[in-house]
Novice: 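The structure follows.
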Protein chains: 2
Amino acid sequence: MKLTRAGEYAIRCILYLSRQNVADTIRRHDVAGHMDIPMQFLSKIAQQLAKAGLIQITQGAKGGYRLIRSPEEITLLDVIEAVEGELVLNDCLLEHERCSRKGTCAVHQVWAKARGQLRDTLAGVTFAEL
Amino acid sequence: MKLTRAGEYAIRCILYLSRQNVADTIRRHDVAGHMDIPMQFLSKIAQQLAKAGLIQITQGAKGGYRLIRSPEEITLLDVIEAVEGELVLNDCLLEHERCSRKGTCAVHQVWAKARGQLRDTLAGVTFAEL
DNA sequence: CATATTAAAGACCTTTTTAATCCTATATAC
DNA sequence: GTATATAGGATTAAAAAGGTCTTTAATATG
């Protein structure tokens, strides 16, 4: 029921890029150093952020990371789901088959609501505001 | 970022007890059987529920579990926090020291809000309604 | 009181997830 | 072509999740 380290690092990474000159490509080394993220681990996370269309990665000399979207267009939810996958609070909401077999489950409704609220809250905050 | 199996089982357990004659002591065997919970694992969970003051456990012949509070007085949050501990969405909200050292962290605020909402939602549903 | 019933308590185990790290390959600027 | 940087796959260590096993203890009932 908690954000993983990878999720936390992803947020820090985007946060750092948002605070620099957004057009610049920032070296992984700098991001890792300033935001206290293990370098190699940052590689993995950056690759997921790139796959999700949030950053562009450049290899080679002068390589590094650059935001593709502007900070106004990136929400906390975007970043979290980029590294953790779709945000779900319980299995019940995943295993549709199993849950529906039990008929109308009142608990299900509550979880659906809770999940919706959480996603809305996280989707309501952009990195421009942070 | 997801409810554990233990949490899910705890909810099922209380749900089952709520649906029986509330004054009765129900055998662990019955709860486990009807709600599809591994027996031995249910023991561990029941002990936590007892420690949290939600159920009374009786050993010996005719022993089992009985609700102490009425279903109207037990919320989803009560049950979840009984087995999972205090509901927290990220480390940031735990490690006050570390987080406050960084000054006013905007991300912190968002998580605090999200956590509050989630807890409120879960605290707003009793087992009488489920 | 003896016995059957029933759960507790603690040790132990297995699998999965998390959180990295290592190493080789590859891309780019100069 | 060489130095600079990251990618990408394999591997690993630690922690958490999810149980199970075994021994102990409590209670009802004849």
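No hydrogens, no waters, no symmetry mates; every other heavy atom, side chains included, goes into these values. The shown structure was predicted, so the numbers you read here are calculated from the model rather than taken from an experiment. Chain naming here is simple, since letters A, B, ... match the order of the sequence lines and numbering starts at 1 in each.
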Novice: In B/S/- notation, 5' to 3', how is nucleotides 18-30 of chain D contacted by protein heavy atoms closer than 4.0 Å?
Specialist: SSBBB--BBBSS-
Novice: According to side-chain hydrogen bond (donor to acceptor under 3.5 Å, both in side chains), does anything in residues 46-60 of chain A pair up with another residue at least two apart or in another chain? List the pairs.
Specialist: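 Passing the test, one end in residues 46-60 of chain A: Gln56(A)-Arg66(A).
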Novice: Apply salt bridge (charged side-chain N to carboxylate O under 4.0 Å, His left out) to Glu81(B) and list each qualifying residue two or more places apart in sequence or on a separate chain.
Specialist: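 For Glu81(B), the residues satisfying salt bridge (charged side-chain N to carboxylate O under 4.0 Å, His left out) (neighbours in sequence not counted) are Arg119(B).
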Novice: Could you tell me which residues satisfy salt bridge (charged side-chain N to carboxylate O under 4.0 Å, His left out) with Arg19(B), sequence neighbours excluded, listed by chain and number?
Specialist: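 Per chain and number, Arg19(B) pairs via salt bridge (charged side-chain N to carboxylate O under 4.0 Å, His left out) with no residue.
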Novice: With a strict under 4.0 Å distance from non-hydrogen atoms of chain A, what nucleotide opens and what nucleotide closes the contacted stretch of DNA chain C, reading 5' to 3'?
Specialist: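 Using the under 4.0 Å cut-off, the span is dT18(C) to dC30(C).
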Novice: Just report the end-to-end axis angle for the helix from dC1(C)-dG30(D) to dC30(C)-dG1(D), five pairs per end, to 10 degrees.
Specialist: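 The two end axes of the helix from dC1(C)-dG30(D) to dC30(C)-dG1(D) meet at 20°.
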Novice: Which residue pairs satisfy the ring pair (Phe, Tyr, Trp, His ring centres under 6.0 Å) criterion with at least one member in residues 10-29 of chain B, sequence neighbours excluded?
Specialist: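 Applying ring pair (Phe, Tyr, Trp, His ring centres under 6.0 Å) to every pair that reaches into residues 10-29 of chain B, excluding sequence neighbours, yields Tyr16(B)-His34(B).
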Novice: Could you tell me which residues satisfy side-chain contact (heavy atoms from CB on, under 4.5 Å) with Ser18(A), sequence neighbours excluded, listed by chain and number?
Specialist: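 Result, side-chain contact (heavy atoms from CB on, under 4.5 Å) vs Ser18(A): Ile14(A), Leu67(A), Pro71(A), Phe127(A).
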Novice: Tell me which pairs pass ring pair (Phe, Tyr, Trp, His ring centres under 6.0 Å) where either residue lies in residues 52-72 of chain A, with sequence neighbours left out.
Specialist: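 Counting only pairs at least two positions apart or across chains, no ring pair (Phe, Tyr, Trp, His ring centres under 6.0 Å) contact touches residues 52-72 of chain A.
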Novice: For Arg66(A) and dA5(D), give me the distance from atom CZ to atom P, rounded to whole Å.
Specialist: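 In whole Å, dA5(D) P and Arg66(A) CZ are 18 Å from each other.
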Novice: In plain terms, say whether Glu84(A) and Lys2(B) are close enough for a salt bridge, that is, a side-chain N and a carboxylate O under 4.0 Å apart.
Specialist: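 No, this pair does not count.
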Novice: Quick one: list whatever passes salt bridge (charged side-chain N to carboxylate O under 4.0 Å, His left out) with Arg27(A), sequence neighbours left out.
Specialist: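 Arg27(A) satisfies salt bridge (charged side-chain N to carboxylate O under 4.0 Å, His left out) with Asp30(A) only.
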Novice: Identify, with sequence neighbours excluded, every residue that meets side-chain contact (heavy atoms from CB on, under 4.5 Å) alongside Ala61(A).
Specialist: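 Applying side-chain contact (heavy atoms from CB on, under 4.5 Å) to Ala61(A) gives none.
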Novice: Under the rule for salt bridge (charged side-chain N to carboxylate O under 4.0 Å, His left out), what residues qualify as partners of Asp120(B), not counting sequence neighbours?
Specialist: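 So Asp120(B) forms no salt bridge (charged side-chain N to carboxylate O under 4.0 Å, His left out) with any residue.
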